[in-house]
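Since the structure comes first, as structure tokens, the remarks are kept for the end.
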2 protein chains.
Amino acid sequence: MVERGSVTPDDTSRSSRDPLPGANLGALRGHNDALVLGLLRAAGPAGLGRADLAARTGLTPQAVSKITARLRAEGFVADAGRGASTGGKPRTLLRLAADARHAVGVHADRDELRAVRVDLAGTVVDRLRTPLDFAAGPDAVAAAVARAVHRLAGPAGAQALAGVGVAAPGPLDWRTGVMGRVTGHPQWEGHPLRQAVADRLRPGDGVGDGNGGSGPPVVLDKDTNAGAAASGPDSGTSLYLHVGTGLGAGIRLGGEVHRGPRSAAGEFGHQVLLLDGPPCRCGGRGCAEVLCLAAVARGDLPEAARILGEGAANAVALLDADRVWLGGRVVQQAPEVFTAGVRRALKARAFGGPTPGVATARAGVAEGAAELALAPLFGRKA
Amino acid sequence: MVERGSVTPDDTSRSSRDPLPGANLGALRGHNDALVLGLLRAAGPAGLGRADLAARTGLTPQAVSKITARLRAEGFVADAGRGASTGGKPRTLLRLAADARHAVGVHADRDELRAVRVDLAGTVVDRLRTPLDFAAGPDAVAAAVARAVHRLAGPAGAQALAGVGVAAPGPLDWRTGVMGRVTGHPQWEGHPLRQAVADRLRPGDGVGDGNGGSGPPVVLDKDTNAGAAASGPDSGTSLYLHVGTGLGAGIRLGGEVHRGPRSAAGEFGHQVLLLDGPPCRCGGRGCAEVLCLAAVARGDLPEAARILGEGAANAVALLDADRVWLGGRVVQQAPEVFTAGVRRALKARAFGGPTPGVATARAGVAEGAAELALAPLFGRKA
DNA sequence: TCCACTTTGGCAACAGTGTTGCCTAAGTGC
DNA sequence: GCACTTAGGCAACACTGTTGCCAAAGTGGA
């Protein structure tokens, strides 16, 4: 049953040109439900009282009571004891029932697949890791992803999952779930990977059993966007920088992942840092990537970190970001060197103002993919 | 009367850290009203039928009838004749009643003040231009701005305006309306310019007449953000580049101006394009600004355009922008040279994909400031 | 021990939203 | 002249958050 005016996770037909949809009572309820759920999630196991929720949402306590009663009836919210009294009746605390639902996040990387199952709080409850040959092509990868999801899904099966997030390298269209031209793998271009995975997760278990039951919602996103989402449900404006076989970035603005109208946002590696510098494989000259990876190749990690930092400072200044996360295999070789180098570059450009925090990513891309799958429950588009 | 849960233009107490507010019926109505008004605005004088509005909003025709009846009773919407029949009763067209309200936009630049009065459609109906000495300090500038608004306000007076937008150079906090450290003008730091202007626009006309009537809502924003808004109510992801005494940028993502958590977004001029290059006045080396302005100073405009284009390409790739607007006095010296240079740089980085459109800004900063003042009516935060 | 006070939070009635079902008006096309 | 299509209003409706009121459950002073 599709409600008019409300946006479901599967609603990808709407182009970004179209206006925001009109809102009806269903959309209003969904908004407030997600808002309350998000606040309870952020509060953690300690929970929150109804009065706290009312103060933070701007709704009346009575409305909060109705909303929480509904969420409790659906199993999303549970009691968490009582708080201390502040001169009157102590508040009855509520917490997110983290076990109510689960999501699976999959990182389909060039040479291996990592997958995690998380609960509603984002806590990893199961994980899995297998080799993967991305060059084997779409069908093999879609099958491997679906296999991983089934193995992790738990006793209730894949269709009970709140969502499945798939992170893959290279250009792809987040809205349609179709892959673009992945460097070195031309056979991927135009493949509807999201649909291929979704088909394999339907109850019938086989591909193309037309109008069988519907499986869990599947989202496909760039690995860098998943990396950005891995920093958790924080609402900041942050930048995730990935240094692996190339340089990439994921952008979060006010908590939302920014993808751009063509899902191409986050192109970070081919920004020019040295006009007319050494040629890059992209055809340009003096790109951050060619400079940074050259420094890595000759073992000069501090210089690589400096270059990464200069590129980061350019992006931070443009976006007014307040946090930078670093990830990827190269960073993991020497986390302190990279964080220190980036921090130094940012500080030099801060002109005495506050410097964004710099840290290595606290969770992997698979965790971020799971976060993307959970996001709609908590009122985020992504 | 402040409605709980709804966001008014004056609601600046909410930090960007707070969650989105809960929505009640008032917020829902406001959302739909603004949505319909925005669609009618975009449709222009030709107008739109109720069925068109229903299709684009996702609301039922009946809901659209109620909404348009309300807007018509308030004078915001008027009849626009009938459309052609498509096999049945021809639709009754509705259009925005552009004359229903007006807004004033003011550009307080370093050496002159430009102001415009626009109607709801954004059409300029009056304009004004006077010298201004920004160095004369906050009080003199606030007085000059208020004077300009009063002179342009029209017969109904300033308090009848739908809004007043003020664009000023340099760092400032959009949320609080407080100025930052303007280069070369230390006396500005910390001055609450927005409040100062608002005080002078209250019915009593004098400063500090405490609880007199309330004047029109005032917004204060960076000139570059106003420049970005000047491209009209288009919902794209675009970049406005300003080349004057420095290099600045205004960012629009999905139609909304992106300001960042500290209102500092759009810092474009001090991105490093030439690592360890010539020193810049900011203390860094090889910034886009120092390279570009040096080329301008020696008369090499094509090289200046190339440098601007390389910086633009960096930003476009990061944001996935689909449009670039150029403005500022230096660009106006040789618009074709700059548009061609920027276009060439963007094309070289597009890797065969679509290239963002490049053009000189079609309206000035004052027009953009007026647009920012009107934005809340049409459902945009900015 | 009692009692005033504070705070939590549910019940019932309410105002107001968009939706549904049904109707009339006003065209087209055979 | 008539069947058909499309636009758009009226009335009843389901459901939202809000308001007014009250009971429950604490604190703290007399």
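Chain identifiers are assigned alphabetically (A, B, ...) following the order of the sequence lines, protein sequences preceding nucleic acid strands; residue numbering begins at 1 within each chain.
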Nearest to the side chain of [X], heavy atoms from C-beta on, is which of [options]?
| X | options | result |
| --- | --- | --- |
| S65(B) | dT8(C), dG9(D), dA26(C) | dG9(D) |
| R50(A) | dT8(C), dG10(C), dG26(D) | dG10(C) |
| L25(B) | dG16(C), dT7(C), dG8(D) | dG16(C) |
| P90(A) | dA25(D), dG9(C), dA14(D) | dA25(D) |
| A51(A) | dA7(D), dT8(C), dG18(C) | dT8(C) |
| I67(B) | dG18(C), dG26(D), dG8(D) | dG18(C) |

For dT16(D), take OP1 and OP2 only and decide whether either is under 4.0 Å from a side-chain N or O of R29(B). no

Looking at T60(B), I'd like to know whether one of its side-chain N or O atoms comes within less than 4.0 Å of OP1 or OP2 on dT20(C). no

For the pair T57(A) (side chain) and L53(A) (backbone), establish whether a donor and an acceptor sit closer than 3.5 Å, ignoring hydrogens and angles.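 Side chain of T57(A) to backbone of L53(A), a donor-acceptor pair under 3.5 Å: yes, one is there.
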
Less than 3.5 Å apart, any donor N or O on the side chain of S231(B) or R252(B) sitting next to an acceptor on the other? yes

Taking [atom1] from [X] and [atom2] from [N], how many angstroms apart are they, rounded to a whole number?
| X | N | atom1 | atom2 | answer |
| --- | --- | --- | --- | --- |
| L35(B) | dT17(C) | CG | P | 16 Å |
| R91(A) | dT6(C) | CZ | P | 16 Å |
| K66(A) | dC14(C) | NZ | P | 14 Å |
| D52(B) | dT6(D) | CG | C1' | 12 Å |

Close side-chain approach of [X] to [Y], heavy-atom, < 4.5 Å:
| X | Y | answer |
| --- | --- | --- |
| L374(B) | R101(B) | no |
| T176(B) | P192(B) | no |
| L94(B) | R50(B) | yes |

Identify all side-chain donor-acceptor contacts of residues 153-162 of chain B below 3.5 Å with residues at least two apart in sequence or on another chain.
none

May I have all residue pairs that pass salt bridge (charged side-chain N to carboxylate O under 4.0 Å, His left out) and include part of residues 61-77 of chain B, sequence neighbours excluded?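 Listed by first then second residue: D33(B)-R70(B), R72(B)-D79(B).
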
Expected output is a numbered-order residue list: members of residues 70-82 of chain A with a heavy atom under 4.0 Å from any atom of DNA chain C. What is it? none

For the side chain of Q62(A) and the base of dG17(D), is some donor closer than 3.5 Å to an acceptor across the two?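 Under the 3.5 Å cut-off, the side chain and the base do not form any donor-acceptor pair.
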
Which residue, L93(A) or N32(B), contacts DNA chain C at a nucleotide closer to its 5' end, judged by nearest heavy atom?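 It is L93(A), whose closest nucleotide lies nearer the 5' terminus.
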
